[in-house]
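Take a look at the structure set out below.
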Amino acid sequence: MDRHEATQQQWHTLEQEKAVEQSATDAAAGLTTQEAEKRLQQHGLNKLPEKKAESKLIRFLKHFNDVLIYVLLVAAIITAVLGHYTDTLVIIIVAIVNASIGYFQEAKAEDALKSIQALLSPQAQIIRDNKRIEVDATHITIGDIVLLNAGDKVPADLRLLSADHLKIEESALTGEAEAAEKTTEALAADTGLGDRRNMAFTSTTVSAGSGKGVVVAIGKDTEIGKINQMMREVEQLKTPLLQQTEQFGKTVSVFILLTAGATYLFGHFLRDYDQETLLMSIIGLAVAAIPEGLPAILSIILAIGVRRMARQKAIVRNLPSVETLGAVSVICSDKTGTLTKNEMTVQQVAVKDVEYNISGIGYAPDGDISKQDQKVNVADEPLLQQLITCFYVCNDATLDKDEKEGWVAKGDPTENALVTLAHKAGENIVRNKPERKATLPFSSDYKYMATSADTSNGPVIYIKGAPDRLLDMATREAGTNGEQDFDRSYWEQQITQLANQGLRVIGAAYKKTDQLTDRLEHEDIEKDIVFLGLAGIIDPPRDEAIASIQSCHEAGITVKMITGDHADTAKAIGKQMGIGDGEKIMVGKTLQNMDDAALQKAAQEYDVFARTSPEHKLRLVNALQASNIICAMTGDGVNDAPALKQANVGIAMGIKGTEVTKEASEMVLADDNFSTIVEAVKEGRRIYDNLKKTILFILPTNGAESFLIIASILFGTVMPLLPVQILWVNMVTSLTVSLALAFEPMEPDAMKRPPRPVREPLLNGYFAWRILFVSVLIGGGTLWLCTRLHAANVDEATVRTITVQTIVIAQLFHLFNCRSIGRSAFSQQFFSNRAIYVVAAVLFVLQACVTYIPFMNQVFDTVPLSLDQWKYPVYLGLATFIIVEVEKAIAVRVRSKNSKVKI
Ligand code: ATP
């Protein structure tokens, strides 16, 4: 039987020890690094086989499946039939060049996305060399011991060795949406996949609890690998704007073909063109009018934007959210770690009737504990000692002194702060740490953690958590003379006093038991506990977040804080950071009891929500969306995933966040920092503006050329441009100037105006007008110039060469108009976009080639121009620039009179 079959049949039937033995590993210490490397060599990386990518040739050929290419091919055939072989050749070359541009741009956009996906490779916690480490999930191998926690994605197929309230959602494999409770006992051989409760399968997700398992299958040998189901959802690559433009492009193409047909009939019956000239002009018209390069250029702009965002630590998981980001009007943010630094230090502790201050900052245990400014010896303060022991035992964090790095804290920052407190309290507490038996891990839903431990006073359950939760559970309290009646109002006052200073408050309590419990249940803990005391932890706000909140306000974006923390702490921090009015606050319980209509109102009215649980986040998102608000929501825990999925832009924390939250999100913050969200919103606005500017820039090129040809047929004049010349103009502009606006920096007022309405149509009335206006301006100007030159008896080849230059140079000038949609061209710093000058230089070289190189003269029917003749294109370009600037100034006035929306 090969390993493949063994995996399928055996593991769930084996006892744990047997499974460990067969995997030749050690359940406690894991593999050694050396052994793991050997196995990695032997079994390969833990990856599902990638879907076979389309070959490059096929992808290249696909670019020929395009209306423009069809038009070009028909044109090539017609020119060949007419005997214009040079034209045929040029048209074919242009078709190939065009498809190549599309191909390379698409490949570039895909590469950008791929490199970003790579930033998000899932991590897993394993034990190797008797140490707990985090590794890239692809580097896990057979025999590795994997630790599972709520929110993790199972990285390989595991035979479970321990399961503490472990629940795994296996719908990816079994279709069953309800999470399966896991155990460790061996099962009968005929147990179906969905019932193998002692196994955890790759790509399923841990929805609650914790556990440990030995890797028995990786990569394609896993259950998922066998059914060969790709886990990565197909990511949407087309943004709404891209879809709109693509659709628009198609409609325009059909319209142009119809117009070309009508123009042909008109020219044929009502003007006396010879058949050949007319056909060539119609081909020219069709080629001129179709905005073939547009979709590719727009995706390049998005891809460049996504890359820039990744550099700024905002990793966008799907392209459409880049656009949505620019339209966000409410950002709902967590507090801890996102708005605050997550650098926690315990500053105050309180037991009954005594308060202590703790000096020092950070995780290094340098500092003293003092009472009324007098340093105390913890051994002389039994209540304090008991309190600190509770915080220390009921804790998963570690603090170690490293030779090189000094003190290294690992784990949750709140818990790190409490471990540091224990070290500050003295060696005695650290050395005499009682042994832990069972644990109920902390969860944002329950807001406490509990541990059973064997102390010198007998078995105890230690509980630490949100103090108001513990107050509800307590019936007694610890006093100097032992346990006594519970004085709830005393503790409430203490909590308020700490929370009002913006401190995060943690409570401690215990419950004596007859026996050392090896399995804890919430029901056993949630009554009759003895309250011990409190710790007040400082978590300073991030300075940059305060500035970002200010900038959100200027940009018409409301920031809401949705935290699990205490109401008073939330209020104090909110006030320090500029969120809410420092007074109004809603707590989770109130929110829970509201009906949808009331919540819809409250969701807008309140900016600070405290003591919330993840399900409240989901209700809040729904309530905001019911008022058509585009909202972004942050989250880290597994239970935040539904809210992130529902939000218009779900934002997961890169450091603190679980794999499940990251998968449910549109964007991942590599640094967990609120300011990064605001930077991403800025970038989103910049990108959307640049997309619009590019459309506004490109379409008039097509418009002007079409205008020129249609007008000359209508007036019966000589064709101002030959098809090959039109192809040349389109090719050089889409290779150069069309790309420049992708690099345009943000408009100075981009974060000073309100968010754009999401349903704002791309081509609104003003856009349509502007495109038409500039088309007629450049087209009409060029036509007028042609007529003047003809009248002055300039030969036809020279006129056409001047026409080619005029359209291109007018476009170059027009590029400066488009740097801002509504504001003057001088509102942008002139050299802030260097791309413009690079593409302009390339454009000049290309234009000089087509004008002065004899071979190109022959192919494109051009002639060398004298220096004097260059003045026409330059004058016309300058005139276009000035007239469009005047039009913009007038349009802004007219529009601001008629609407409140700024352009
Ligand atoms: P945010 O939602 O803004 O990140 P948060 O981190 O304070 O806020 P939770 O993690 O849900 O929200 O914590 C809620 C409360 O639970 C805290 O105010 C604290 O009192 C308590 N708490 C936090 N971490 C722990 C922990 N590891 N063990 C016990 N109690 C904790």
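Counting convention: from 1, in listed order, for ligands and their atoms alike. Positions are given from 1 along the sequence. Quantities reported herein were computed from a predicted structural model and do not represent experimental measurements.
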re atom 30 (N) of ligand 1, the protein heavy-atom contact at minimum distance is Gly465 CA, 3.3 Å
Quick check, are the ring centers of His522 and Tyr446 under 6.0 angstrom apart?
-> yes
Is the closest basic N to carboxylate O distance between Arg476 and Asp485 below 4.0 Å?
-> yes
Are Asp472 and Arg488 close enough for a salt bridge, meaning some N to O gap below 4.0 Å?
-> yes
Could an N or O of ligand 1 be found under 3.5 Å from any N or O of Asp636, whether backbone or side chain?
-> no
Are Asp539 and Arg504 within salt-bridge range, i.e. N to O under 4.0 Å?
-> no
So does Lys617 pair up with Asp334, basic N to acidic O under 4.0 Å?
-> yes
Thinking salt bridges, do Lys656 and Asp672 make one under a 4.0 Å N-O criterion?
-> no
May I ask you to decide if Asn622's main-chain N or O and Gln646's side chain share a donor-acceptor pair within less than 3.5 Å?
-> no
Number the atoms of ligand 1 from 1 as they appear, then name those within less than 4.0 Å of a heavy atom of Ile506, with their elements.
-> 19 (C), 20 (O), 21 (C), 22 (N), 31 (C)
Return the residue, atom name and 0.1 Å-rounded distance of the protein heavy atom closest to atom 6 (O) of ligand 1.
-> Thr336 OG1, 3.2 Å
Between Asn639 and Asp445, does any side-chain donor sit less than 3.5 Å from a side-chain acceptor?
-> yes
Atom 11 (O) of ligand 1 sits nearest the protein heavy atom Ser444 OG, 3.2 Å
What is the closest protein heavy atom to atom 8 (O) of ligand 1, and at what distance does it sit?
-> Thr563 OG1, 3.0 Å
Nearest candidate to atom 31 (C) of ligand 1, where distance is taken over non-hydrogen atoms, out of Tyr446, Phe442, Phe609 | Phe442
Which protein heavy atom lies closest to atom 28 (N) of ligand 1, and at what distance to 0.1 Å?
-> Lys464 NZ, 2.9 Å
Report yes if Gly564 has an N/O atom closer than 3.5 Å to an N/O atom of ligand 1; otherwise report no.
-> yes
What atoms of ligand 1 come closer than 4.0 angstrom to any heavy atom of Glu415?
-> 26 (C), 27 (N), 28 (N)
Before accepting this row, confirm whether a basic side-chain N of the pair Glu435/Lys437 lies closer than 4.0 Å to the acidic partner's carboxylate O.
-> no
Starting from atom 20 (O) of ligand 1, locate the nearest protein heavy atom and write down its residue, its atom name and how far away it is, to 0.1 Å.
-> Val505 O, 2.9 Å
Lys313 with Glu679: basic N within carboxylate O range, under 4.0 Å = no
So is there a nitrogen or oxygen of Pro467 less than 3.5 Å from a nitrogen or oxygen in ligand 1?
-> no
Would Ser627 and Gln604 count as having a side-chain donor-acceptor pair, cut-off 3.5 Å?
-> yes
Can Arg611 be said to touch ligand 1, with heavy atoms closer than 4.0 Å?
-> yes
Mode of Asp412 contact toward ligand 1 - side chain, backbone, both, neither (heavy atoms, under 4.0 Å) | side chain
Tyr448 N/O under 3.5 Å from ligand 1 N/O | no
Evaluating non-hydrogen atoms only, which member of Arg469, Met653, Lys335, Arg504 is closest to atom 3 (O) of ligand 1?
-> Lys335
protein heavy-atom neighbour closest to atom 18 (O) of ligand 1 works out as Asp565 OD1, 2.7 Å
